[in-house]
Amino acid sequence: MTIDIFHSSVQDQRDIKEVCRLVKNQRGMQYHQLFDKMELDVGTGYESTLAKGAAAPSKVFKIYQWLIIHELDLASKAKPHLFESSMQTGWQSFIDERGIYHRLLSKPYDTLQLHDISNQNPLRDIRLKLGQQFTFELDSPVSGAVIALDCYKNKWFPLPLSTSDGFAPVTVSAGCYEFPRQTSGGVVQPLRQRRFAGEHSHCFITGPNDLMIYYSRSFAAGRELSPSFLEAMANRLSKCSASKLSVCLEHILFE
């Protein structure tokens, strides 16, 4: 049994609340501190809402996803009917299975040009300062079209790869490329991360042009990609062979 984003029973919510109780006790936290860590926009006493089975299914699903990612061992022992010890989200499984490292690198950039962005796995030694300009270097193992994502505090956002086309896929052959760039002329235009300190995961997906165009149409600046969207994308992309699709990852710290 699993919980979906559209439905959760009264008992599901009570079981989720019980797992939250165990987690907050283990971490030495209060409920409101735990819900803050989950970045859940709820009021004080939300645990009572869960205990009554009156919480919105979308919020229950968000808690459920967080527990799978961060506290699966504890949750699977406490409520094995909801949390299987081997379970992960489809999107996270896709990233873990298909992701490759050391082919995507963020690099400091020291010209006067800039381009703002909105808004685990080896963490790279390099550190970037907030406000410091940087570029991406991608060594794509396949030919196709590239889209890019940024994960911050378990939320995924699109990254722009060109100055005028924004989130539109960029066509590449297998080999090395720098991003972002001007649409015409290919001149590199660096990014600048102003406000969101901490660990970021960058994900560059190179795949069939029609698929990359289809998914990029849902991208918008500063708008989080929903779990249901990521699940659907993972389900489709996982069917592509390694010769047609690559997932290049890096984890980097902004200070």
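Throughout, numbering of the chain's residues begins at 1 and tracks the sequence.
- One hydrophobic cluster holds both Tyr101 and Leu245 under the rule that ILVMFWY side chains link at heavy-atom gaps under 4.5 Å.
- Classified by interplanar angle (parallel below 30°, tilted 30° to 60°, perpendicular above 60°), the ring pair Phe219/Phe167 is perpendicular.
- For Cys151, the side-chain contact (heavy atoms from CB on, under 4.5 Å) partners two or more places apart in sequence, or in a different chain, are Trp156, Ser201.
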message: Could you walk me through whether Ile100 and Leu249 satisfy the side-chain contact (heavy atoms from CB on, under 4.5 Å) test, starting with their C-alpha distance in whole Å, then the side-chain angles of each, then the deciding distance to 0.1 Å, before giving a yes or no?
response: CA-CA 6 Å; Ile100 54 177; Leu249 302 172; over 6 Å; no
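- Side-chain contact between Cys20 and Ile16 is present, with heavy atoms from C-beta onward closer than 4.5 Å.
- In terms of hydrophobic clustering, with Ile, Leu, Val, Met, Phe, Trp and Tyr side chains grouped at heavy-atom distances under 4.5 Å, Ile213 and Val170 are assigned to different clusters.
- Between Gln26 and Val23, every side-chain heavy-atom pair lies at or beyond the 4.5 Å cut-off.
- In this structure the side chain of Leu225 reaches within 4.5 angstrom of the side chain of Pro158, judged on heavy atoms.
- Few gaps surround NZ on Lys24; more than 12 heavy atoms of other groups in view lie less than 6.0 Å from it.
- To the nearest 0.5 angstrom, Glu137 atom CD is 10.5 Å from Phe179 atom CZ.
- Between Phe204 and Val247 the shortest side-chain heavy-atom distance does not fall below 4.5 Å.
- Between Lys239 and Lys244 the shortest side-chain heavy-atom distance does not fall below 4.5 Å.
- Looking at Arg181, its side chain never comes within 3.5 Å of a backbone N or O of Ser162 through a donor-acceptor pair.
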message: Between Glu47 and Arg21, does the side-chain contact (heavy atoms from CB on, under 4.5 Å) criterion hold? Intermediate values first, please.
response: CA-CA 9 Å; Glu47 64 275 12; Arg21 184 187 68 80; over 6 Å; no
task: List the steps and the verdict of side-chain contact (heavy atoms from CB on, under 4.5 Å) for Glu255 and Leu253.
output: CA-CA 6 Å; Glu255 299 176 326; Leu253 203 62; 3.9 Å; yes
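- Note that CD of Gln189 is 12.0 Å distant from CD of Glu178, once rounded to the nearest 0.5 Å.
- In this structure, Arg103 contributes its side chain and Cys248 its backbone to no donor-acceptor pair below 3.5 Å.
- Both Leu130 and Leu159 belong to a common hydrophobic cluster when Ile, Leu, Val, Met, Phe, Trp and Tyr are linked at side-chain heavy-atom distances under 4.5 angstrom.
- Atoms CG and CD1, on Leu105 and Ile252 in that order, are 8.5 Å from each other to the nearest 0.5 Å.
- Residues Phe229 and Tyr214 share a single hydrophobic cluster, defined by chaining ILVMFWY side chains whose heavy atoms lie under 4.5 Å apart.
- Taking NZ from Lys62 and CG from Leu67, the interatomic distance works out to 13.0 Å, rounded to the nearest 0.5 Å.
- The nearest pair of heavy atoms linking Lys59 to Tyr46 is CB-OH, 3.4 Å.
- Rounding to the nearest 0.5 Å places CG of Asp15 at 7.5 Å from OG of Ser9.
- Val142 and Leu211 are not part of a single hydrophobic cluster, where members link through side-chain heavy atoms under 4.5 Å apart.
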message: side-chain contact (heavy atoms from CB on, under 4.5 Å), that's the test. Do Glu71 and Trp66 meet it? Break it down for me.
response: CA-CA 8 Å; Glu71 292 287 354; Trp66 189 93; 4.0 Å; yes
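- From Ser140, atom OG reaches atom CD1 of Ile205 across 12.0 Å, with rounding to the nearest 0.5 Å.
- The shortest distance between side-chain heavy atoms of His70 and Asn154 falls below 4.5 Å.
- Phe134 and His202 have parallel rings, their planes meeting at less than 30° on a 0 to 90° scale where 60° marks the start of perpendicular.
- Looking at Tyr177, its side chain never comes within 3.5 Å of a backbone N or O of Phe136 through a donor-acceptor pair.
- A cation-pi arrangement, defined by a distance under 6.0 Å to the six-membered ring centre and an angle within 45 degrees of its axis, is absent between Arg98 and Phe94.
- Two residues are said to be in side-chain contact when any heavy atoms from C-beta on lie closer than 4.5 Å; Pro160 and Leu191 meet this criterion.
- The two residues Pro169 and Ala145 make their nearest non-hydrogen contact at CB-CB, 3.7 Å.
- Between the side chain of Gln13 and the backbone N or O of Ala55, at least one donor-acceptor pair lies under 3.5 Å.
- Although no hydrogens or angles enter the test, the distance criterion places a donor-acceptor pair under 3.5 Å between the side chain of Tyr152 and the main chain of Ala197.
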Only distances under 3.5 Å count here; give the side-chain donor-acceptor pairs of residues 32-43 to other protein atoms, sequence neighbours excluded, each with its distance to 0.1 Å.
residue: Gln33; atom: OE1; partner: Gln30; partner atom: N; Å: 2.7
residue: Glu39; atom: OE1; partner: Lys155; partner atom: NZ; Å: 3.1

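- Using a 4.5 Å cut-off on side-chain heavy atoms (C-beta onward), Trp91 and Asn235 make no contact.
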- request: Determine, stepwise, if the pair Glu250 / Ser106 fulfils side-chain hydrogen bond (donor to acceptor under 3.5 Å, both in side chains).
  value: CA-CA 8 Å; Glu250 72 160 358; Ser106 293; 2.3 Å; yes
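- Between the Arg223 side chain and the Ser218 main chain, a donor and an acceptor come within less than 3.5 Å of each other.
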